[in-house]
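Following: one structure in structure tokens, then a few remarks.
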Amino acid sequence: MVKWSHVPVVGGLLLPCVVAMTNFCSADAADDPRSATRAQLERIQSLRKEQPGDGALVFYEAITRIELGEREAAFALLRSLQGRKLGLVPVRDAGFEAVWDDPEFQKIREKLAQEESRTPDAPIAFRLGDSKLIREGIAYDANQARFFIGSVARKKIVSANRKGEVKDFSGPGDNLDCVLGLFVDAAHEQLYAVSTNGFLDEAQKQRRNAVVRYDLRNGVLVDRYGAPDASQLNDLTIATDGTIYATDSASGTLFRKTPGEKTVTPFGAKGALPGANGITLGGDGKLYVAITTGIAKIDLSTGAPTRLSQPDTVVIGGCDGLYWHTGDLVGIQNVTNPGRVIRIALADQGRISGITVLQSHHHPEFAEPTTGAIAVDALYVIANSYVGHFQPNGSIKDPGQLKPTAIIAVPLKPLP
């Protein structure tokens, strides 16, 4: 979520695949956009040799070749994905802008989109009236049956009940920047939130990243933990002992704050998690992080990641939100697909056995879905975040096109 000159950007918010592409580039090439893109292509091709059946890498190579102006090579790569039914469907603002109006490209895209079976449309649980919130994060407080939603554009947190009745939770004096990830620690009645200006132009002069903590009993902001080494924090989760784990999408790095520390600091090697985004602690005691090409499991003693092995028949990369539910992971994809919710089945020895699509990209409310919150047996998803309309200068592009926020309830139990 940092603006880079040589990679595609959505409204100034750097998408997970784009973050990872910058990590594919060598530091020496960073000052020359075309050289950097060539370096990123070489890195992707190297990974493809190691993982020849990985469809996501083919998809990312196509994006990179479009960036280089290699239209026919990119189209050939996309055609090679046809028939595999991986759920890989190009998204306009994720690297395909230059060819979006090309009739041949649209034929390829339409065929890929048609290969994904349509699921029943999840019901709309409630709507939020303010279409200009540009909402990214959501969390659920089971004790008071309320949701918290973070606003990127308004730089605040609001609460909403199941009827969609909304009121401000944070106050102007809290001095929040753009609010991204949210997490409710129900046992201790605390709300944690990521506050960052990392993807704004103003960050070039002064970059701010922090995790803030509220007391849910009185709504008071009680702590602010700075992350001076972060580029742009994104999502977070909290362990039972109060340890904070947060992803830095711009640098591909995991951050941590233990109960005895005052700041959020890097945990593990910088750049070890390309496209780091959604994060969750599983009931198995393990920490999982969504990365560009899949899911990584983190060694809690060193911060070292291990990418979970997965069959070539599935694509689980590009998840924005990531959650644990009854032994499986649940992810919200919005980069390799216009938006879908998947259940990721875990097998023994830390591998992925397959996925189930819980909500396909056909939902009429989907417009850049981002994150969700589990309440009872449904994942309440921000269906239309419109993050792509938010600009690095803090303005909103084409505000008249925005509709009120739709929160949809994706069933986590099999549909009848």
Side-chain angles (χ1 to χ4, degrees), residues 8 15-21 24 41 44-66 73-96 99-100 104-119 274-275 277-278 288 290-296 307-322 328-347 351-363 366 368-369 410:
L15 293 174
C17 74
V18 179
V19 176
M21 287 182 182
F24 288 149
L41 175 61
I44 293 172
Q45 290 176 322
S46 176
L47 289 174
R48 286 190 62 197
K49 290 179 180 178
E50 299 171 10
Q51 305 162 41
D54 194 315
L57 290 174
V58 175
F59 190 78
Y60 296 144
E61 182 174 337
I63 293 175
T64 307
R65 289 192 178 275
I66 289 171
F75 289 1
L77 287 164
L78 292 174
R79 289 191 193 96
S80 75
L81 296 171
Q82 292 176 349
R84 294 184 63 184
K85 299 182 179 181
L86 296 173
L88 288 164
V89 181
V91 181
R92 179 172 190 157
D93 293 327
F96 295 98
V99 298
W100 193 259
E104 184 60 28
F105 168 78
Q106 283 298 329
K107 288 180 183 177
I108 297 170
R109 184 187 186 280
E110 183 176 356
K111 188 168 183 179
L112 288 170
Q114 289 174 346
E115 289 179 359
E116 183 172 45
S117 299
R118 179 166 190 157
T119 64
N277 202 329
Y288 298 93
I291 57 176
T292 307
T293 58
I295 307 293
R307 181 176 179 269
L308 300 183
S309 63
Q310 63 188 60
D312 292 336
T313 53
V314 302
V315 167
I316 58 173
C319 284
D320 196 326
L322 186 68
D328 292 335
L329 294 170
V330 178
I332 301 171
Q333 292 178 306
N334 60 9
V335 175
T336 56
N337 187 288
R340 67 175 185 170
V341 181
I342 57 175
R343 181 191 289 273
I344 304 165
L346 300 177
R351 60 185 179 87
I352 292 163
S353 58
I355 68 167
T356 301
V357 178
L358 301 178
Q359 177 60 64
S360 66
H361 73 272
H362 306 89
H363 200 291
F366 272 170
E368 301 170 275
V410 179

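- With a 4.5 Å cut-off on side-chain heavy atoms, Leu322 and Asn277 do not count as touching.
- Residues Arg65 and Glu61 are paired through a salt bridge, judged by an N-O separation under 4.0 Å between the basic side chain and the carboxylate.
- Contact of the Phe59 side chain with the Leu86 side chain is not registered, since no non-hydrogen atoms from C-beta on lie closer than 4.5 Å.
- Counting heavy atoms from C-beta on, the side chains of Leu112 and Leu88 never come closer than 4.5 Å.
- Nearest heavy atoms, Cys319 versus Ile342: SG-CD1, 4.5 Å.
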Pair Arg340-Ile355, side-chain contact (heavy atoms from CB on, under 4.5 Å): steps then yes or no: CA-CA 12 Å; Arg340 67 175 185 170; Ile355 68 167; 3.8 Å; yes
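- No donor-acceptor pair closer than 3.5 Å links the side chain of Arg307 to the backbone N or O of Ile291.
- Summarising the geometry, atom CD belonging to Gln82 is positioned 4.5 Å from atom NZ belonging to Lys111; distances are rounded to the nearest 0.5 Å.
- For Arg109 (side chain) and Pro90 (main-chain N/O), a donor-acceptor pair under 3.5 Å exists by modelled atom type.
- Listed here is the closest heavy atom pair of Pro338 and Pro369: O-CD, 3.5 Å.
- Here the shortest heavy-atom pairing between Val58 and Ser80 reads CG1-OG, 3.7 Å.
- Going from atom CG of Leu77 over to atom CD1 of Ile108 covers 10.0 Å, rounded to the nearest 0.5 Å.
- A donor-acceptor distance shorter than 3.5 angstrom exists from the side chain of Arg84 to the backbone of Asp312, with no hydrogens or angles considered.
- Counting heavy atoms from C-beta on, the side chains of Leu78 and Phe96 come closer than 4.5 Å.
- With Thr64 contributing its side chain and Leu41 its backbone, the two residues share no donor-acceptor pair below 3.5 Å.
- Atom OG1 of Thr293 and atom CG of Leu57 lie 6.0 Å apart (nearest 0.5 Å).
- Of all non-hydrogen atoms in Ala347 and Ser353, the two that sit nearest each other are CB-CB, 4.0 Å.
- Looking at every heavy atom in both residues, Tyr60 comes nearest to Thr336 through OH-CG2, 3.5 Å.
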Test side-chain contact (heavy atoms from CB on, under 4.5 Å) on Val335 and Val91; report intermediate values, then the result. CA-CA 7 Å; Val335 175; Val91 181; over 6 Å; no
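- Side chain of Gln333 to backbone of Gly317: a donor-acceptor contact under 3.5 angstrom is found.
- Between Asn337 and Glu116, the shortest heavy-atom contact is ND2-OE1, 3.3 Å.
- Residues Phe366 and Asn334 fail the side-chain proximity criterion, which asks for heavy atoms closer than 4.5 Å.
- Judged by distance alone, with hydrogens and angles left aside, the side-chain atoms of Thr119 form a donor-acceptor pair with the main-chain N or O of Ser360 at under 3.5 Å.
- Within the 4.5 Å cutoff, the side chain of Gln310 has no heavy atoms near those of the Gln51 side chain.
- If you take NZ on Lys85 and OG1 on Thr313, they are separated by 12.5 Å, rounding to the nearest 0.5 Å.
- No side-chain N or O of Glu110 forms a donor-acceptor pair with one of Gln106 less than 3.5 Å apart.
- Within the model, atoms CG of Leu47 and CG of Asp54 stand 8.5 Å from one another, a figure rounded to the nearest 0.5 Å.
- Side-chain contact check for Leu346 versus Leu308: some heavy-atom pair is nearer than 4.5 Å.
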